[in-house]
Amino acid sequence: MADTSLSQTRTPEEPRVESAASGTGISRRRLLGTAGATGLVLGAAGGAVGYASAPSGATPLTSVGAAEVPFHVKHQPGITDPLQSRGHLLTFDLAPGAGRKEAAALLRRWSDTARRLMAGEFGAEGDSDVARDAGPSSLTLTFGFGHSFFARTGLEKQRPAALDPLPAFSSDRLDRTRSDGDLWVQIGADDALVAFHALRAVQKDAGAAARVRWQMNGFNRSPGATARPMTTRNLMGQVDGTRNPKPAEPDFDERIFVPAQGEPAWMANGSYVVVRRIRMLLDDWEKLSLRKQEGVIGRRKADGAPLSGGDETTEMDLEKTDAEGNLVVPVNAHARITRPDQNGGAAMLRRPFSYHDGIDADGTPDAGLLFVCWQADPLRGFVPVQRKLDRGDALTPFIRHEASGLFAVPGGAAEGEYVGQALLEG
């Protein structure tokens, strides 16, 4: 939960006014555009209360459903796009006997499904119709390869060094059945049914070629839930995402993406994602006073401002002391330890989801963070920061890392291509 690279500020975007992707399917987004609406409009996001029939061409009441993310882009969708309110993370293992040929066919199917659903088209024959009444709702699908994928497909020589297994950390309590995997899929959308519809489509597309290894479901704040765009909060109630790298920064691409001329060539414009299921020990955390919670993080809970003063975006003064000569930002505060200037410039783009999977038998909540972070090289991004956190982060007693994975996510697919084609057909 590194403050250097915390989750993105959720800034609602104006919906794209584009035609649906090519194909014969009817666009859900187009259906919305021809369905009139009556009822109240709630907040700046224009959430719809109800729909009724109206003349063709009427303006849809909602802007959330109409938001569309393109599939054919330089970097795969779901990396730099704003946080969505619903998410699914899952991995697949190739079935016994399945190899490179079957993997290529599967990625071709997944890419076609992603293109259609992200454009708001209805699914293929046999579609469940779960999302028929909705627009694309900022749907994104992102695909990656795990370390084990390359041996299973005879592509060991194409496996990047950056995909070497992560080192062990003293705070790890990993469940190996919920870690790693041959193929990784990330699904995000601003509507729960749209996200679930994509999840079912991906699962059905896998057919006999692959089987689900693990699945995790998460959420974030819904668009329009706050009076103005704000950095999100995690389940500890902390503002979470203040120092995330921003695409406008001159070294953003260098930190987050593999160069176009990088190695291996099939990873051009791609990125490496670390996924961690981090349980928050909320019962213990909530016993702390507000002052102690803020000392653990190094920031005010109310607005995310550093304890050294200012507002959320004010640079933290690491040397400031109080009247008794004590550091205002404690030496083991999470926000101090994770700063890039305290880690040799290491930074990563965090794009997580919160999760809540019920209550354990002892009454404690199984809740926390589905940590998702992106970097050009995990050995220069995630690993050095996590090693430093392992040595003395004040937050460590209140969290537990329970699952982990590292995946190579190639660049976006060009028109007429599928994700990973340069690897599987190179």
Practice problem: In plain terms, say whether R116 and D127 are close enough for a salt bridge, that is, a side-chain N and a carboxylate O under 4.0 Å apart. | Solution: no
Quiz item: Considering only heavy atoms from C-beta outward, does the side chain of M236 approach that of Q293 to under 4.5 Å?
Solution: no
Exercise. To the nearest 0.5 angstrom, please state how far the OG atom of S354 sits from the CZ atom of R221.
Key: 10.0 Å
Practice problem: For the residue pair M216 and L90, establish whether any side-chain heavy-atom pair is separated by less than 4.5 Å. | Solution: no
Practice problem: Find the distance between OG1 (T153) and CZ (R159) and round it off to the nearest 0.5 Å. | Solution: 9.5 Å
Exercise. Determine whether W214 and T177 make a side-chain contact, defined as any pair of heavy atoms from C-beta on separated by less than 4.5 Å.
Key: no
Quiz item: So, for S85 and D191, which heavy atoms are closest and what is the spacing to 0.1 Å?
Solution: OG-N, 4.2 Å
Quiz item: Looking at side-chain heavy atoms only, is the closest gap between P167 and V383 below 4.5 Å?
Solution: yes
Quiz prompt | Pairwise side-chain contact, R211 with P96, heavy-atom cut-off 4.5 Å (strictly under) | solution = yes
Quiz item: Is a side-chain donor or acceptor of W285 paired with a backbone partner of M280 at a separation under 3.5 angstrom?
Solution: no
Quiz item: Does a donor on one side chain sit under 3.5 Å from an acceptor on the other, for D190 and S137?
Solution: no
Exercise. Please work out which of the three classes, parallel, tilted or perpendicular, describes the rings of W266 and F145, given edges at 30° and 60°.
Key: perpendicular
Exercise. Output the distance between atom CD1 (I337) and atom CG (D393), rounded to the nearest 0.5 Å.
Key: 4.5 Å
Practice problem: Kindly give the heavy-atom pair with the smallest separation between F353 and I187, and that separation in Å. | Solution: CZ-O, 4.5 Å
Quiz item: Do any N or O atoms from the side chain of Q76 and from the backbone of F143 form a donor-acceptor pair under 3.5 angstrom?
Solution: yes
Self-check item: Shortest non-hydrogen separation from A162 to L406 and the atoms involved
Solution: O-CD2, 3.6 Å
Quiz item: Looking only at side chains, do D205 and T113 share a donor and an acceptor under 3.5 Å apart?
Solution: yes
Quiz item: Any sub-3.5 Å donor-acceptor pair from D390's side-chain atoms to S170's backbone N or O?
Solution: yes
Practice problem: Among V202, V130, L139, find the one that has a side chain to side chain contact (heavy atoms under 4.5 Å, CB included) with H197. | Solution: V130
Quiz item: Do D112 and R109 sit within salt-bridge range, that is, some charged N less than 4.0 Å from a carboxylate O?
Solution: no
Exercise. Kindly indicate, with the supporting measurements, whether the criterion side-chain contact (heavy atoms from CB on, under 4.5 Å) is fulfilled by R173 and R279.
Key: CA-CA 10 Å; R173 301 291 184 272; R279 184 189 288 222; over 6 Å; no
Quiz prompt | Nearest-0.5 Å distance that lies between atom CZ in R351 and atom OG1 in T140 | solution = 5.5 Å
Quiz item: So, D93 and T91: side-chain donor and acceptor under 3.5 Å apart, yes or no?
Solution: no
Exercise. Start with the C-alpha distance between T313 and D311, add both sets of side-chain angles, then the distance that settles side chain to side chain donor-acceptor pair (under 3.5 Å), and finish with yes or no.
Key: CA-CA 6 Å; T313 60; D311 59 25; 3.2 Å; yes
Table please: side-chain donor-acceptor pairs of residues 371-380 below 3.5 Å, with sequence neighbours left out.
| unit_1 | atom_1 | unit_2 | atom_2 | d |
| --- | --- | --- | --- | --- |
| Q375 | OE1 | F382 | N | 3.1 |
| Q375 | NE2 | Y272 | O | 2.8 |
| Q375 | NE2 | C373 | O | 3.2 |
| D377 | OD1 | L379 | N | 2.9 |

Quiz prompt | Separation of Q203 CD from H88 NE2 (nearest 0.5 Å) | solution = 9.0 Å
Exercise. Any chance you could lay out the side-chain contact (heavy atoms from CB on, under 4.5 Å) test for F149 and L183, step after step, and finish with the verdict?
Key: CA-CA 7 Å; F149 175 83; L183 293 158; 3.8 Å; yes
Self-check item: Any side-chain heavy-atom pair of P136 and V69 under 4.5 Å
Solution: no
Tell me which donor-acceptor pairs under 3.5 Å the side chains of residues 418-426 have, and how far apart each pair is, sequence neighbours excluded?
| unit_1 | atom_1 | unit_2 | atom_2 | d |
| --- | --- | --- | --- | --- |
| Y418 | OH | E425 | OE2 | 2.8 |
| Q421 | OE1 | Y418 | N | 3.1 |
| E425 | OE2 | R108 | NH2 | 3.2 |

Quiz item: Checking side-chain contact (heavy atoms from CB on, under 4.5 Å) for the pair H72/M118: CA distance, chi angles, key distance, verdict?
Solution: CA-CA 10 Å; H72 294 295; M118 286 173 57; over 6 Å; no
Quiz item: If you measure from the Lys or Arg side-chain nitrogens to the Asp or Glu carboxylate oxygens, is any gap between R152 and E102 under 4.0 Å?
Solution: no
Exercise. Answer with yes or no whether the side chains of H75 and D253 bring together a donor and an acceptor at under 3.5 Å.
Key: no
Exercise. Can you label the angle between the F407 ring and the W184 ring as parallel, tilted or perpendicular, going by 30° and 60°?
Key: parallel
Practice problem: State, with a plain yes or no, whether a side-chain heavy atom of L166 is found less than 4.5 Å away from one of S404. | Solution: yes
Quiz item: Taking NZ, NE, NH1 and NH2 as the nitrogens, is one of them in D182 or R213 under 4.0 Å from a carboxylate oxygen of the other?
Solution: no
Quiz item: Are E294 and K301 within salt-bridge range, i.e. N to O under 4.0 Å?
Solution: no
Practice problem: Side-chain contact test, heavy atoms from C-beta onward, threshold under 4.5 Å: evaluate it for D303 versus V239 and give yes or no. | Solution: no
Quiz item: Stepwise, does the side-chain contact (heavy atoms from CB on, under 4.5 Å) test hold for D172 with H401?
Solution: CA-CA 5 Å; D172 286 352; H401 292 241; 3.7 Å; yes
Quiz prompt | Y355 versus L235, closest heavy-atom pair with distance | solution = O-CD1, 3.3 Å
Quiz item: Between N244 and E249, which heavy-atom pair has the shortest distance, and what is it?
Solution: O-OE2, 4.5 Å
Practice problem: Ignoring hydrogens and angles, tell me if any N or O in the side chain of R336 forms a donor-acceptor pair with the backbone of V329 under 3.5 Å. | Solution: yes
Quiz prompt | Atom pair CZ (R243) and CZ (R350), whose distance is rounded to the nearest 0.5 Å | solution = 13.5 Å
Quiz item: Do other residues, nucleotides or ligands put more than 12 heavy atoms under 6.0 Å from Q261 CD?
Solution: no
Exercise. Classify the side-chain pair T242/E312 by whether it contains a donor and acceptor separated by less than 3.5 Å.
Key: yes
Self-check item: N/O donor-acceptor pair under 3.5 Å between Q238 side chain and I297 backbone
Solution: no
Quiz item: Between L282 and A367, which heavy-atom pair has the shortest distance, and what is it?
Solution: CD1-CB, 4.1 Å
